[in-house]
Amino acid sequence: MIQSVDDCGCAPVYCRRKCLSSTPPSIFRTASHCNARTAHSFLAYPVLLFRHEWELLAIPRSMHGALSDCRRVVELNLWESRNVLLPWDWTSSSQAYTGNLLWVYLQGNQLSTVPNDMLTNFVGSFLFLFLSNNQIETIPPSTFSGFRGSKIALFFDANNVTSIDDVFKDFVVGGVVTLSLVNNSITATSLASALRSFSSSSATLNLDLYGNNVKSLPDNVFAGIGNNTVPGQSPSIHINLMHNPLAALSTNTFQGGWMNDVSVDLSDTTSDTYIIPPYLAWFNRVESLSLNFSGTAQLMLSDLSAFRDFNGRSLSIDMSRNRLTGVVGDVLPQAPFSVYLNLSYNEFTAVGNHSFQFPGGVDLSHNNISVIQNESFWGSRISSLNISSNAITFVDCAAFNYSFALTDLGLSFNHVSMVTHTFLDNVPALNDFRVDNNAVWALPTTSNHLAGPDKAAKNILTCGTYGPAATNCTCAPGLAYSEFCGYGRCMATASGYAVHNAPHMMFGANSLCDAKLLPSPTVCVH
């Protein structure tokens, strides 16, 4: 049994129940003699470990004030030691605790209450406090008041918490605040109270409410946040509401508030229905808003019209995995803000004309699109488009006319067989073009925008280098490489004809040179 720190050599300090009952506070004051590098290489300071197998029922009072004198302890592990009291008493002293304690593990104990002043007088760079798997039902108001560090994270996962009302009251310190309440019973009313109590802070808030009982986002839930801050110092809010029984947004959910950026994960709702109102009121000021509706299965593209008057600079909406079908057309026409729209893993079969007339990016990967028709992206202002992993066999020669902003195009894992000069001329800004895992047998030997072999790999035609000229090109077995009219192509060695086993799988052509490369009949029609 360890009687003093000197006995531990370079190992962590392990204290059994008997040791704690009889050891004077001096053991903590002299803990700097123990170097824990050998046991915890990521730590530069000693660790106090109170192991669960010793069944520590309660931290004796002799320890409470003593911890404040121990300046070199960085980790305190009381995991599954059947504690019923918190293991420190720095809150009872007017003198600030300025030690190096960073991690406190209290998971799997029998804690049922949390004092509302438990962080008073704590001064440190950051603190991670793990209180998961206990019996806590309420996190009292003003829990964070008095904390004077730059980063704090409290984990209350898998408790019985039903209330976080006014939990951030009187908290004014900036920095990063994380409050994790995964798998508890928080309601929409309590969430609203917690967010409104955050109004005077300029911190970044990460609030994880996965698997709770939030059924809606009420009116004005963000209204008071950031009202006392100046531009550039407004708070950022990130909320995880996955796997909640969410059924609707309110018209005034996003009304009011002065924030830098807001993100809310509303995916995989356990509700049978989900409603976005036809009109949404907006924040007083916000830079960016990110909303995740993935897997809600009740939304339609027309629901995006509710965001037409958004007043920030950047809007990101995830509507993946929603079984959306039919033709995906223009949404949010001529929006003055950047839009990043994720429509992957749906069941779209086609793209309508003049789609996506907003700056930003669109992900249409993993749908059932087979043809990119004439004028589908005519004049589109998006800079990024991902249409990989569809069933695309043909891209019309006029599909991307006047798409001057497009710099990033993903066409991997389709059935495209040819890239033409005409296509490349219509997208002059394109610099990241991925066409790997297709059936490409012909492409321009000059002026192409394929940045590297990996982005055009696993095709009939492969080259060692791409752009400004394609060189060291080879073909699939049984085919011969040749150059004609500015193209590199794979030809059948016996007949000298172009590859016929992949007809109509190509980018369209509108010049005589292009037409000579195409199997008959020509599929690019003007």
Side-chain angles (χ1 to χ4, degrees), residues 301 327-336 338-341 343 348-365 367 369-388 390-412 414-435 438 440 442-451 455-456 467-468 485-487 504-518 521-526:
L301 277 181
V327 178
V328 53
D330 192 20
V331 294
L332 297 171
Q334 302 299 323
S338 295
V339 180
Y340 296 89
L341 186 59
L343 298 173
F348 292 114
T349 56
V351 180
N353 289 347
H354 300 259
S355 295
F356 311 122
Q357 301 291 308
F358 50 74
V362 176
D363 188 347
L364 281 168
S365 63
N367 278 273
I369 301 168
S370 59
V371 174
I372 303 298
Q373 301 175 352
N374 181 30
E375 300 188 8
S376 289
F377 297 97
W378 185 293
S380 172
R381 293 194 289 157
I382 59 174
S383 59
S384 175
L385 175 64
N386 184 4
I387 45 178
S388 62
N390 278 272
I392 298 171
T393 60
F394 177 67
V395 179
D396 191 277
C397 40
F400 288 90
N401 278 11
Y402 305 107
S403 296
F404 298 134
L406 188 65
T407 61
D408 185 344
L409 176 61
L411 265 166
S412 305
N414 281 287
H415 305 297
V416 173
S417 68
M418 184 176 180
V419 179
T420 68
H421 285 291
T422 304
F423 162 73
L424 296 177
D425 290 342
N426 286 335
V427 284
L430 189 65
N431 57 38
D432 189 353
F433 179 37
R434 298 175 302 283
V435 70
N438 277 273
V440 173
L443 77 166
T445 55
T446 60
S447 303
N448 69 76
H449 297 269
L450 303 179
K455 296 181 181 179
C485 205
Y487 287 89
H504 313 303
M505 300 180 181
M506 62 200 68
F507 281 96
N510 63 359
S511 70
L512 182 61
C513 273
D514 290 341
K516 288 180 179 178
L517 284 169
L518 303 180
T522 300
V523 293
C524 178
V525 179
H526 292 277

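Not measured: the values here are computed from a predicted model.
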Problem set entry | Nearest heavy-atom neighbours spanning Ala429 and Phe404 |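 Result for this residue pair: CB-O, 3.4 Å.
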Exercise. If you look at every heavy atom in Ala398 and Asn374, which pair is closest and at what distance?
Worked result: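 What the structure gives for the nearest pair is CB-OD1, 2.8 Å.
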Taking the side chain as every heavy atom from C-beta outward, state whether [X] and [Y] have any atom pair closer than 4.5 Å.
| X | Y | value |
| --- | --- | --- |
| Arg434 | Asp408 | yes |
| Ser380 | Leu406 | no |
| Ile372 | Asp396 | no |
| Met418 | Tyr487 | yes |
| Leu343 | Leu301 | yes |
| Leu364 | Val328 | yes |

N/O donor-acceptor pair under 3.5 Å between [X] side chain and [Y] backbone:
| X | Y | result |
| --- | --- | --- |
| Asn426 | Phe400 | no |
| Asn390 | Ser388 | yes |
| Asn414 | Ile387 | yes |
| Asn438 | Val440 | no |
| Thr407 | Leu430 | no |
| Asp363 | Ser365 | yes |
| Arg381 | Ala335 | yes |
| Ser403 | Phe377 | yes |
| Asn386 | Leu411 | no |

Enter the distance from [X]:[atom1] to [Y]:[atom2] here, rounded to the nearest 0.5 Å.
| X | Y | atom1 | atom2 | value |
| --- | --- | --- | --- | --- |
| Leu332 | Phe356 | CG | CZ | 10.0 Å |
| Thr420 | Leu443 | OG1 | CG | 10.5 Å |
| Ser383 | Asp432 | OG | CG | 11.0 Å |
| Leu409 | Ser384 | CG | OG | 8.5 Å |
| Ile392 | His415 | CD1 | NE2 | 9.5 Å |

Problem set entry | Close aromatic pair by centroid cut-off 6.0 Å: Tyr340 and Phe358 |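 No; Phe358 has its ring centre 6.0 Å or more from that of Tyr340.
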For this session: Hey, can you tell me if His354 and Trp378 have their rings parallel, tilted or perpendicular (30° and 60° cut-offs)?
Result: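 Ring orientation, 0 to 90° scale: tilted.
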